Number of protein chains: 2
Amino acid sequence: MNSSADGLLTPIDSTETGVQQIRDAIRDAIVERRLAPGTKLSESDVGGLFNVSRTLARAALQALSYEGLVSVEKNRGAFVAYPSPEEARQIFAARRLVEPGILKSAAERITPVQLRQLRQLLLEEGRLMGERGQSARRAEIKASGDFHLMVAAISGNLIMQRFMEELVARSSLVIALYGQSSVSSCGHSEHGDIITALEQKDVDTACHLMLHHIAHIEADLDLRERKSFGLKEAFER
Amino acid sequence: MNSSADGLLTPIDSTETGVQQIRDAIRDAIVERRLAPGTKLSESDVGGLFNVSRTLARAALQALSYEGLVSVEKNRGAFVAYPSPEEARQIFAARRLVEPGILKSAAERITPVQLRQLRQLLLEEGRLMGERGQSARRAEIKASGDFHLMVAAISGNLIMQRFMEELVARSSLVIALYGQSSVSSCGHSEHGDIITALEQKDVDTACHLMLHHIAHIEADLDLRERKSFGLKEAFER
DNA sequence: CGACGCTAAATTGTATACAATAATTTGCAC
DNA sequence: GTGCAAATTATTGTATACAATTTAGCGTCG
């Protein structure tokens, strides 16, 4: 069900089979912005949708809440997370904090094969940018995140990899909420620049480019506090 | 139930009440090394212990598995995590990667009050080191981790704070498994040095000290692969 | 006409029941 | 007595049932 760069990812999971699938499906839907922030995810609905009992639906929603994609409120249910501007800032602050280090670690271990895989991912990303239609747009969103995920995978640290998965997914939510233009075209070329620096073993430049890249994404956000909805609109979604 | 530096921590949780308590209780037991790595945590036992149904016990164990403290194997149950040497390396690599950045961020925001709180935590830590007895030893373990957690809390980034909670907790497991001497005395003075650097607004020195501190902890580990237990001992725990 | 309060419906919280899988014991043959 | 196999027991996986809480609808009252 996952598309592109899954040869490297080892999702660690040894546990549940069904829950895993449901969790991944919902996560993909959130990351690809088919599910808008704030959308209610009732246990019955989710269970019905995947033909399982509420037990498993609930477990999947719980799991998603641990990665910050779903917020579950006691006695009220689960909702697609609606990150506040402050949360958004913290997510990007975390990315600025960890991504250079991850990149540095990846640069030390990267093989020619992996460099080629990165290039290929970039190509795919570029191809999708040319296409039209919602589904191409979704794949493009996914591919642009997969670049950062693949770098994390190359770093060889499963813990940082998992953490980056969380950060990338939550970033997608933030961009959905606060993004202004579709910054993707600019982001795409920046990915390419980073790969080039990596090819030349220029770690410092790569890290700088990465920081700029993150800053660019963040600069496209309009992180003003939305006044907490006119009393009614907030609950009539 | 938590002891010292909880004024700063906001566990975010809005969900379950009972599950939360169980999760925290088991986590404390693991971090304080009352539960040895590899110990089986059967759902019935956990539920019985806290007077709740298997449903809630299971939820708590799932939660713990998401933070890497418990590993649940399909159809076999949950066990206190038994990190491999490779995992241990990755945990400390992750700490080296993020703690300088967290410290830097904390240094920018720290207030005199918080500096005093850090000093006080250090004092408490030192006091416990003098005491004898298992319970003092446990409190000491906790306090030494709380130093890093408080720095993360001061950084003001809830995401990095949560991540550090995971890393500190998992470190405790690693030390329980692979630690040689009780390195705590040396670690204690290093905590003090970091605070001093912080007081003098010397961020670079503070970061260097932090890296050395982490390196010292890691240097005390014997990360050789234990041959996978002589066939019987592995299952007769 | 809007605000308050009550009842009914829907949804979540928790426990229990049953099915499926793994661990243990028993029994038999060698 | 040892080794293997079947049966028994225990434990996890999943669904369902019931309790508690919230939400929605509705009628009354100001």
Side-chain angles (χ1 to χ4, degrees), chain A residues 11-26 35 38-66 69-82 228-237, chain B residues 11-26 35 38-66 69-82 228-237:
Chain A
I12 310 170
D13 288 69
S14 51
T15 42
E16 356 270 300
T17 55
V19 172
Q20 194 67 18
Q21 270 180 284
I22 298 171
R23 179 169 76 81
D24 290 347
I26 297 179
L35 279 170
T39 305
K40 164 130 206 192
L41 302 171
S42 94
E43 297 175 354
S44 319
D45 290 357
V46 172
L49 204 52
F50 292 94
N51 287 96
V52 296
S53 74
R54 268 182 57 214
T55 307
L56 301 191
R58 187 186 180 83
L61 292 171
Q62 282 298 122
L64 288 166
S65 95
Y66 291 121
L69 290 184
V70 158
S71 98
V72 338
E73 301 174 29
K74 187 183 169 85
N75 282 322
R76 287 193 20 97
F79 305 81
V80 177
Y82 197 105
S228 56
F229 276 24
L231 298 168
K232 286 198 172 181
E233 297 92 313
F235 308 101
E236 283 177 352
R237 53 179 55 265
Chain B
I12 310 171
D13 291 69
S14 51
T15 42
E16 356 270 298
T17 56
V19 173
Q20 193 67 19
Q21 269 180 286
I22 298 171
R23 179 169 76 81
D24 290 347
I26 298 179
L35 279 171
T39 305
K40 164 129 204 191
L41 302 171
S42 95
E43 297 175 353
S44 318
D45 291 357
V46 172
L49 204 52
F50 292 94
N51 287 96
V52 295
S53 75
R54 268 183 57 215
T55 307
L56 300 192
R58 186 185 181 86
L61 291 171
Q62 282 298 123
L64 287 165
S65 95
Y66 291 120
L69 292 184
V70 158
S71 98
V72 338
E73 301 174 29
K74 187 183 169 86
N75 282 322
R76 287 193 19 98
F79 304 82
V80 177
Y82 197 105
S228 57
F229 277 26
L231 297 167
K232 287 197 171 183
E233 297 91 315
F235 309 100
E236 284 176 352
R237 56 176 54 259

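Model, not experiment: these values are computed from the prediction. In what follows, chains are A, B, ... by sequence order, proteins preceding strands, each numbered from 1.
- With rounding to whole Å, B:Q21 atom CD is found 11 Å from C:dT14 atom P.
- What you find for A:R76 and A:K40 is that their closest heavy atoms are O-NZ, 2.8 Å.
- Between A:R58 and C:dG13 there is a side-chain polar atom (N or O) within less than 4.0 angstrom of OP1 or OP2.
- Across the protein-nucleic acid pair, B:L61 atom CG and D:dT12 atom P stand 9 Å apart, rounded to whole Å.
- One can place NZ of A:K40 at 12 Å from P of D:dT22, the figure rounded to the nearest angstrom.
- Going from atom CD1 of A:I22 over to atom C1' of D:dG13 covers 13 Å, rounded to whole Å.
- Remark: the B:R76 side chain and the D:dG13 base include no donor-acceptor N/O pair separated by less than 3.5 Å.
- The shortest side-chain heavy-atom distance between B:E73 and B:F79 falls under the 4.5 Å cut-off.
- Separating the CG atom of A:L56 from the P atom of C:dA20 is a distance of 15 Å, rounded to the nearest angstrom.
- Remark: P of C:dA22 and CD of B:E73 are 12 Å apart, rounded to the nearest angstrom.
- In this view, A:V80 and A:I30, A:L35, A:T39, A:L41, A:L173 satisfy the side-chain contact (heavy atoms from CB on, under 4.5 Å) rule, not counting sequence neighbours.
- Across A:A57 and A:G47, no two heavy atoms sit closer than the pair CB-N, 3.6 Å.
- One atom, NZ of B:K74, and another, C1' of D:dT11, lie 14 Å apart when rounded to the nearest Å.
- When all heavy atoms of B:A60 and B:I22 are compared, the pair lying nearest together is CB-CG2, 3.6 Å.
- Per the geometry, CZ belonging to A:F79 stands 8 Å off P belonging to D:dT23, to the nearest Å.
- Here B:S42 lies in heavy-atom contact (under 4.0 Å) with sugar-phosphate atoms only.
- Residues of residues 44-53 of chain B that place a heavy atom closer than 4.0 Å to DNA chain C, in numerical order, are B:V52, B:S53.
- Between B:E43 atom CD and B:T55 atom OG1 the span is 9.0 Å, to the nearest 0.5 Å.
- Considering every non-hydrogen atom in both A:A63 and B:Y66, the closest pair reads CB-OH, 2.9 Å.
- Ranking C:dG13, D:dT16, D:dG13 by closeness to the A:T55 side chain, first place goes to D:dT16.
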